[in-house]
Each structure stands twice: as C-alpha cells, then as structure tokens.
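Have a look at the structure below before the remarks.
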Amino acid sequence: MRKPAAVCLVLSLSLFVLLLGAPASANGYGGGGGGNNNGDHDQGYNTRPAYEKPVDGLKADYYSKSCPEMEAIVQRAVRKAVGKDYTLAPSLIRLFFHDFAVQGTDASVLVDAPGSEKYADASKTLRGFDLIEDIKTELEKKCKHTVSCADILTAAARDASTAVGVPYWSLRYGRKDGTESREDEADRYVPMGGESVTDLIAFFQSNGLNVVDLVALSGAHTIGRATCESVKPGLCQRKKSGAVNARYADFLTRKCAAGGDDEYVELDGETPTAFDNRYYKNLMRGMGLLPSDQKMLQDSRTSHFVTAFANQRSEMFTHQFAQSMRRLSEAQVLTGDEGVVRRKCSVLE
Ligand code: HEM
C-alpha cells in the first residue's frame, strides 16, 4: 500500500544500549529543530520491528507458486555480473535508492522514454539498467507476465549488497510497477549532496524512514564512486571553513582539475571496495566526500549515530544497513491493483 510505513526504530542490541546514553534530541525524535514532526508517537524502542509488521499485499511466498525460481534467477544473474564487474554492486544499490526516492520502489527509474526519470540530471551516472532488463527477459520466459520490475530491482539490490558482504535479509514480494515516470520528479526528490541534514531527515521521514535509517543507509557510500561534478561544488568553501580535511580537499582539487567533471573519485578513499564502517571513520576525520555526508557529523540529530557506527565493529553498521534496506524496500510501495506488472522494465504499460 502506498502509505508512510510505521515509524519504528529497528536497532541492533548494541546500538540500542549505546543510544540509551544519547540525549533525546540526538535521535531526531525528541526536539532538535527538524526532528520528528509527523506527530507519530509510536517510536518506543519496545515496539515491534517494522520488518515483522505486515505490509498489505507483500508476502514472503508471493511467487512460491507462480514463479518459484524468481529469487534464484535474480541472485544468479547479479552474482555473475558483480563477479565480472565489482562496480556494478554499488551501482545497483544506488539504482534501487533512486527508484525509491521518487514515489517509492515502483521501477519508475527503469523506464526509458523521453522525459522519464532516467533522463534527469540526478540519473546521469546511474548504471545497471541492462542487467535488470536481462533478468526481466529471463523471468518473462520462465513465468510470463508475473514478476514485477519493482520486485526484481528490490531483489537485485539485496543480492548486490550480500555479494559485497552485507548480511542477508529476507524480502517480501508483491510490489507493482508504476505507470508513470517523470524526469522533473527525479530532479526534485533525489538528494544529490548539497542538502542540509534537515532536508535529508524530512525526505526520509516523508517516506516513512527515520534518522537511524538515514545514517545507516548513507553508509552505502562506503563503496562506489562519485563524479567530480558532484564533488567540486563548494569544495573551496568547505576547505576554508574547516568542514573538510585540508589535505583531502587538496587531493580532490588536484584530481578533479586533472580529470574534469567526469572523473571518478572513490566515495570511501580508504577502503573503497570493502563494505565496512570506514565511511563513518572518514567522516570523523573530515574526509566525507559529499558535503551532505560530512554534515551528519556536525548535526546533533545524526552525530551520535555516526559516532556509534564509527566506533563499533563494522557488523553493527552492516546489520543495521540490512534492516534499513528492508524498511526502504517496503516503504511507499504499490500493491494489488495500484500498479501493473510491466512486460519490459524500460517500457510503460
Ligand atoms: C542521503 C542522501 C544521499 C545523497 C545526498 C546521495 C548522493 C550521492 C551522490 C552525489 C553520489 C555520486 C553520484 C555521481 O557523482 O556519480 C552517490 C553515489 C552513491 N550512492 Fe548515494 N546519496 C544518498 C543516499 C544514498 C542511499 C540511501 C544509498 C543506498 C542505500 C546510496 C547509495 C549510493 C551508492 C552505492 C553510490 C555509488 C554508486 C556507484 O558507484 O555507481 N546513496 N550518492
């Protein structure tokens, strides 16, 4: 159902213990300016985890009769593709996030038509479209007009994550594909790095996700790359104000001057291919590549979570990442007759 998911924290025990010591305003729910403003008071730590709550229309066994091999087919294809080209793993995770960012996970980002999301500025460096379409073609052969592109993209993002070391999480299926896709909406909704923490919290909350989800999911930037076009704006200013480590800023300035806007920079300059908590450690040293990432350390609503993830074992982050990805995959989805099952992911029905 397309409605905000219940706002409910899903925390590992260690994070829970740690957070008991954090001031109320730090978790984004007890004040602190742009904290929770949706009037939802169901945020106690004792509430049932969101992933255990039913979402109308989504079921773990949704394809068990109609397409029992669905998960195996997606997983095989993703593993093979990532085995050949590791950079596809972060790209698939990002593709999934961009799809979610515009009206929930409905495969609208996959539509290839004039004026569709795919042609937005925000989508310029997205990758992984062909792999999803290839999987869809294989699934159409096995189970005609049955598996939605939204479910394929969701499973592919999970399998890309586990392929790079994130703990496995189970999924529920039954998402339907959307019937529109608009370039202007992608450019309006998808965060691109210049946002304030207040903007990011508001964006996540409007989609049924909370501050922990924001900080944990941003940890996806522990792998993958950004272009200099995303990195350069405001870099000098950030250096002058001390918001970024001066040597790191010099390195970025040199690299981007030499390579131009299309040059790639690793999002995590220290361990770029390891899905670990280095991203948070980097933020602690002023080495966040994107301004919006670095701001999370300065803001009282997010800083405790950044510090917690940086100081604990990587597993604490990766487990929360898996939980938050599951929450993201169920927020604002279309089910039942709210959407369709496309025959080709790139073509609207
Ligand atoms: C919270 C706000 C976020 C902002 C402002 C943001 C912004 C960005 C930007 C600017 C890039 C580089 C784009 C380029 O220059 O090519 C990027 C890359 C990436 N983002 Fe985010 N992002 C956010 C959240 C997320 C989330 C929630 C996820 C996943 C759950 C994610 C996953 C990724 C990945 C994996 C990459 C690397 C992609 C690749 O290597 O192909 N991001 N992000």
Side-chain angles (χ1 to χ4, degrees), residues 81-82 85-102 105 109 120-129 131 153-154 156-158 160-161 163-166 169 186-187 189-207 209-235 252 255-256 259-269 272-275 279 283 288-296 299 301-302 305-306 317-318 320-329 331:
V82 171
D85 176 4
Y86 176 92
T87 66
L88 263 178
S91 296
L92 286 169
I93 296 170
R94 181 170 179 236
L95 188 63
F96 173 64
F97 172 59
H98 277 227
D99 186 40
F100 156 84
V102 185
T105 305
V109 75
D121 281 345
S123 308
K124 259 196 317 203
T125 52
L126 288 179
R127 298 167 67 228
F129 297 97
L131 176 62
L153 183 54
T154 303
R158 189 267 313 271
S161 303
V164 295
V166 179
W169 68 94
D187 280 328
Y189 294 121
V190 176
M192 285 307 290
E195 296 76 13
S196 66
V197 173
T198 297
D199 291 339
L200 293 179
I201 291 174
F203 165 72
F204 271 65
Q205 285 190 338
S206 69
N207 286 299
L209 300 179
N210 60 41
V211 180
V212 175
D213 297 318
L214 164 64
V215 179
L217 290 169
S218 298
H221 295 166
T222 189
I223 54 169
R225 314 171 289 186
T227 50
C228 281
E229 192 179 351
S230 309
V231 173
K232 275 186 346 195
L235 186 58
L252 295 173
K255 190 165 166 68
C256 289
D261 279 2
D262 294 338
E263 177 75 356
Y264 276 115
V265 188
E266 313 286 6
L267 277 155
D268 168 359
T273 57
F275 207 98
Y279 159 83
L283 297 186
L289 187 62
L290 303 177
S292 54
D293 286 341
Q294 193 61 53
K295 283 176 200 161
M296 289 198 303
D299 192 289
R301 292 163 291 175
T302 43
F305 300 112
V306 171
F317 152 59
T318 57
Q320 183 57 50
F321 181 81
Q323 306 268 26
S324 293
M325 282 288 273
R326 186 199 323 247
R327 281 164 55 72
L328 187 145
S329 80

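Values below: every heavy atom of this structure, side chains too, minus hydrogens, waters and symmetry copies. Counting starts at 1 for both ligands and their atoms, in listed order.
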Please identify which atoms of ligand 1 are closer than 4.0 Å to at least one heavy atom of Ser230.
-> 10 (C), 13 (C), 14 (C), 15 (O)
Leu290 and ligand 1 - part of the residue with a heavy-atom distance under 4.0 Å | side chain
Would you mind reporting whether Phe275 and Thr318 have side-chain heavy atoms less than 4.5 Å apart?
-> yes
Which is it for Ser292 and ligand 1 at heavy atoms under 4.0 Å: side chain, backbone, both or neither?
-> side chain
Is the closest N or O pair between Ser218 and ligand 1 shorter than 3.5 Å?
-> no
How far is atom 12 (C) of ligand 1 from its nearest protein heavy atom, and which residue and atom is that?
-> Ala226 CB, 3.4 Å
Just need the protein heavy atom nearest to atom 38 (C) of ligand 1, so name the residue and atom and give the distance.
-> Arg94 CD, 3.6 Å
With distance as the sole test, does Asp187 use its side chain to make a donor-acceptor pair with the main-chain N or O of Ala122 at under 3.5 Å?
-> yes
Using a strict cut-off of 4.0 Å, indicate which atoms of ligand 1 neighbour a heavy atom of Leu267.
-> 18 (C), 19 (C), 36 (C), 37 (C)
Please indicate whether any nitrogen or oxygen in Ser91 is less than 3.5 Å from any nitrogen or oxygen in ligand 1.
-> yes
When only distance counts, is Glu195 in polar contact with ligand 1, meaning an N/O pair under 3.5 Å?
-> no
Does Leu217 approach ligand 1 within less than 4.0 angstrom via side chain, backbone, both or neither, non-hydrogen atoms only?
-> both
Which ligand 1 atoms, with their elements, are less than 4.0 angstrom from a heavy-atom of Gly193?
-> 5 (C)
What atoms in ligand 1 come closer than 4.0 Å to a heavy atom of Gly224?
-> 37 (C), 40 (O)
Within-cut-off N or O pair, Arg225 and ligand 1, under 3.5 Å | yes
Judged by modelled atom types alone, do Thr125 and Arg225 share a side-chain donor-acceptor pair under 3.5 Å?
-> no
Is ligand 1 under 4.0 Å from a heavy atom in the side chain of His221, in the backbone, in both, or in neither?
-> side chain
Only residue of Arg301, Lys295, Glu195, Gln205 satisfying side chain to side chain contact (heavy atoms under 4.5 Å, CB included) with Leu200 is Glu195
Would you check, one step at a time, whether the test ring-ring contact (aromatic ring centres under 6.0 Å, His included) holds for Tyr279 with Phe317?
-> CA-CA 10 Å; Tyr279 159 83; Phe317 152 59; 7.6 Å; no
Side-chain donor-acceptor contact under 3.5 Å, Ser329 with Arg158 = no
Under 3.5 Å side-chain donor-acceptor pair for His221 and Asp268 = no
If you have a sec, work out which protein heavy atom is nearest atom 35 (C) of ligand 1 and how many Å separate them, to one decimal?
-> Pro90 O, 3.2 Å
Taking heavy atoms and a distance under 4.0 Å, where does Leu214 meet ligand 1: side chain, backbone, both or neither?
-> side chain
Quick one: do Arg326 and Asp213 satisfy salt bridge (Lys or Arg N to Asp or Glu O under 4.0 Å)? Show the steps, please.
-> CA-CA 10 Å; Arg326 186 199 323 247; Asp213 297 318; over 6 Å; no
Once you round to the nearest 0.5 Å, how far does OG of Ser161 lie from CD1 of Ile93?
-> 3.5 Å
Counting N and O atoms only, with roles assigned by atom type, does the side chain of Ser91 sit under 3.5 Å from a partner on the main chain of Thr87, one being a donor and the other an acceptor?
-> yes
Within the 4.0 Å heavy-atom cut-off, what Asp293 brings close to ligand 1 is neither
Identity and distance of the protein heavy atom lying nearest atom 3 (C) of ligand 1 | Pro191 CG, 3.9 Å
Protein heavy-atom partner closest to atom 24 (C) of ligand 1 - residue, atom, separation in Å | Phe97 CE2, 3.3 Å
Which protein non-hydrogen atom lies closest to atom 16 (O) of ligand 1, naming both residue and atom, and how far is it?
-> Thr125 OG1, 2.6 Å
Does some non-hydrogen atom of Leu200 fall short of 4.0 Å from ligand 1?
-> yes
Heavy-atom check, side chain of Leu328 versus side chain of Gln323, under 4.5 Å | no
What protein heavy atom is closest to atom 29 (C) of ligand 1, reported as residue, atom name and distance in Å?
-> Ala220 CB, 3.5 Å
Side chain proximity check, Met296 to Leu214, heavy atoms < 4.5 angstrom | yes
Hey, does the side chain of Asn207 reach the backbone of Leu209 with a donor-acceptor pair shorter than 3.5 angstrom?
-> no
One finds that the ligand 1 atoms under 4.0 Å from a non-hydrogen atom of Met192 are 5 (C), 10 (C)
Answer yes or no: are there more than 12 heavy-atom neighbours, outside Asp262 itself, under 6.0 Å from its atom CG?
-> no
Measuring from the heavy atoms of Arg127, does anything fall under 4.0 Å of ligand 1?
-> no
